2 protein chains.
Amino acid sequence: MADSTPANPTATDPAAAWRGRRRRQDHGTKRDAVIRTAARAFDERGYHNTSLDDIAAALGVTKPTIYYYVANKEQLLFECFLAGLEPIRAALRRAEQTPGSGRDRLREVIHDYAVAIASEYGWCMVRAEHQDLGAELGAQVRSLKSEIDRAIRRLLQGGINDGSIAVTDPKLAAFAIAGALNWIAHWYRAGRTLTADEVATALVQFLDHGLAPREPRAGKPLPATARVRRTRSAARA
Amino acid sequence: MADSTPANPTATDPAAAWRGRRRRQDHGTKRDAVIRTAARAFDERGYHNTSLDDIAAALGVTKPTIYYYVANKEQLLFECFLAGLEPIRAALRRAEQTPGSGRDRLREVIHDYAVAIASEYGWCMVRAEHQDLGAELGAQVRSLKSEIDRAIRRLLQGGINDGSIAVTDPKLAAFAIAGALNWIAHWYRAGRTLTADEVATALVQFLDHGLAPREPRAGKPLPATARVRRTRSAARA
DNA sequence: GTAATATTCTACTCAACAGTAAGTTCTGGC
DNA sequence: GCCAGAACTTACTGTTGAGTAGAATATTAC
């Protein structure tokens with residue numbers, strides 16, 4: 001749902017915002033193009049290996065032009081983060097208002113979350129270092145991320161309460177689910193064998209299988225604390 | 001090999017390798033101290049926000065001393081990666097030689113993998129960018145990582161074949177599991193509420209629950225990890 | 001048209017930091 | 001007690017890249 005503007009060429013080729021007639025383009029369109037191009041460059045080469053000159057070159061402009069649209073490099077990364085995060089927040093808002101079991105609602109969120117991470121903003125959301133944003137923006141990112149974490153935990157807890165989900169530790173489960181989804185940003189490349197939607201659907205299936213209660217019949221809790229034997233891992237202090 | 005010296009103070013405080021009266025220390029010990037200190041610094045501030053002067057200062061030496069032990073900054077990161085990876089490779093080797101169902105063997109690997117990621121080398125293994133190593137070392141890292149990925153897929157496939165594991169897509173499942181585990185490097189901090197072993201055990205439980213077949217099959221008794229907790233809530237349609 | 005404003009450019013500054021040259025000090029071997 | 005080489009230092013170089021000043025050009029308003 002991110003780039004749904006009907007026939008928007010800047011979605012596939014942001015530099016198009018500058019090409020063609022030098023007519024006064026919408027300021028917002030160009031700003032979006034800057035952000036999207038930056039996100040792609042960061043994804044490809046990393047934040048520190050991407051100079052603003054690189055991004056400018058990809059857009060067919062010069063470095064000061066970028067400063068006309070964003071305050072500095074930090075803020076550029078921050079905007080990439082926000083742009084990518086929006087669909088996830090939307091999905092969570094939707095889930096809050098949707099009726100249904102916790103598990104059903106979580107399934108929807110997992111799907112949309114996965115698609116969002118598979119987007120060009122995935123890197124900025126998942127792999128960018130908080131230290132690269134300043135103290136100010138870093139704290140904002142942290143806050144937004146933990147908000148999402150809490151929302152997922154709430155969904156899990158809801159599912160546990162209504163019996164649609166069976167996990168022992170919702171906090172750990174939330175981390176595990178987030179990890180499985182965020183990891184998409186590490187391995188997925190658009191345009192290969194799988195579409196983002198296929199990946200999302202497959203992960204929904206895998207995770208949902210793990211969340212489901214083991215047996216549909218109620219009222220027979222097993223005292224199961226599966227212990228891993230052979231603990232010969234050296235303690236690190 | 002890495003930190004096997006019994007009462008080794010350099011494990012907690014690598015700078016100790018230089019302190020004390022004993023000037024001429026073992027070359028290997030100091031080199032390990034350099035690598036471990038670098039790993040911690042990278043974890044804390046990121047690769048690019050850590051200068052070699054920072055690492056040198058943490059060790060109580062000067063920058064050229066670091067060059068006495070490693071060729072350059074890239075190689076330093078690479079060594080951190082290798083150091084962290086070793087326990088994982090060991091766990092996989094062990095699994096290959098161990099009898100038992102695919103699921104049992106995978107459980108062991110997951111545990112040891114999680115502990116390894118929770119180590120001080122977790123950042124270097126998971127979050128370091130391949131581009132920051134050169135083409136040469138980057139390719140080596142990629143190769144080692146994909147080797148691990150293949151091993152996990154093999155374990156999954158083995159479990160599918162012997163009926164102890166039920167997943168539809170082993171490739172996707174391997175990514176999901178790796179993601180859940182690697183994500184530890186993003187959120188876990190040693191010395192807080194949980195020990196590495198506790199985290200590992202909890203994740204083993206969560207993931208194992210997801211891998212288990214839905215209902216017990218004939219001839220393959222499953223360990224009692226299943227757990228259904230029903231609260232008194234009514235089901236909603 | 002012309003003034004006002006928006007946009008983009010050229011041409012810089014300045015600091016950070018990887019990496020090095022060349023010298024100094026320590027230590028074990030003899 | 002002297003030497004060879006290991007270990008470490010001080011003091012540099014060169015480059016890269018973020019960020020800026022101010023001029024130039026385009027676009028809109030009138």
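So that the names make sense, note that chain A is the first sequence line, chain B the second, and so on, each numbered from 1. Note that this is a predicted model, so its numbers are computed, not measured.
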For this session: Please check the phosphate of D:dC8 (OP1 and OP2 only) for any side-chain N or O of B:Tyr69 closer than 4.0 Å.
Result: yes
Exercise. Got A:Arg94 and A:Asp112 here, is their nearest side-chain heavy-atom distance under 4.5 Å?
Worked result: yes
Exercise. Distance check: side-chain N/O of B:Thr62 vs OP1/OP2 of D:dT9, anything under 4.0 Å?
Worked result: yes
Exercise. Is a side-chain donor-acceptor pair under 3.5 Å present for A:Asp132 with A:His48?
Worked result: yes
Exercise. Does a donor on one side chain and an acceptor on the other come within less than 3.5 Å for B:Asp43 and B:Tyr121?
Worked result: no
Exercise. To the side chain of B:Lys30, which of C:dC9, D:dA7, C:dT7 is closest?
Worked result: D:dA7
Problem set entry | Residues, nucleotides or ligands: over 12 heavy atoms within 6.0 Å of B:Lys145 NZ | yes
Problem set entry | No-hydrogen, no-angle side-chain donor-acceptor test under 3.5 Å, A:Gln140 and A:Glu136 | no
For this session: Grab the CD1-P distance between A:Ile55 and D:dG19 for me, whole Å please.
Result: 11 Å
Problem set entry | Interatomic distance where CD1 belongs to A:Ile66 and C1' belongs to D:dG17 [whole Å] | 13 Å
For this session: Measure the distance from NE2 on A:His27 to C1' on C:dT8 and round it to the nearest whole Å.
Result: 12 Å
For this session: Mind calculating the distance between CG (A:Leu76) and P (D:dG19) to the nearest angstrom?
Result: 10 Å
Problem set entry | A:Tyr68 side chain near C:dT7 phosphate (N/O to OP1/OP2, under 4.0 Å) | yes
For this session: Please confirm whether B:Arg31 makes a cation-pi placement over B:Tyr68, using NZ or CZ under 6.0 Å from the six-membered ring centre and within 45° of the ring normal.
Result: no
Exercise. Starting at CG of A:Asp26 and ending at C1' of C:dA6, how long is that distance when rounded to a whole Å?
Worked result: 13 Å
Exercise. Can you give one letter per nucleotide of nucleotides 15-21 of chain C, 5' to 3': B if a protein heavy atom sits under 4.0 Å from the base, S if only from the sugar-phosphate, - if neither?
Worked result: ---BBB-
Exercise. Can a side chain N or O of A:Thr65 be found less than 4.0 Å away from OP1 or OP2 on C:dT7?
Worked result: no
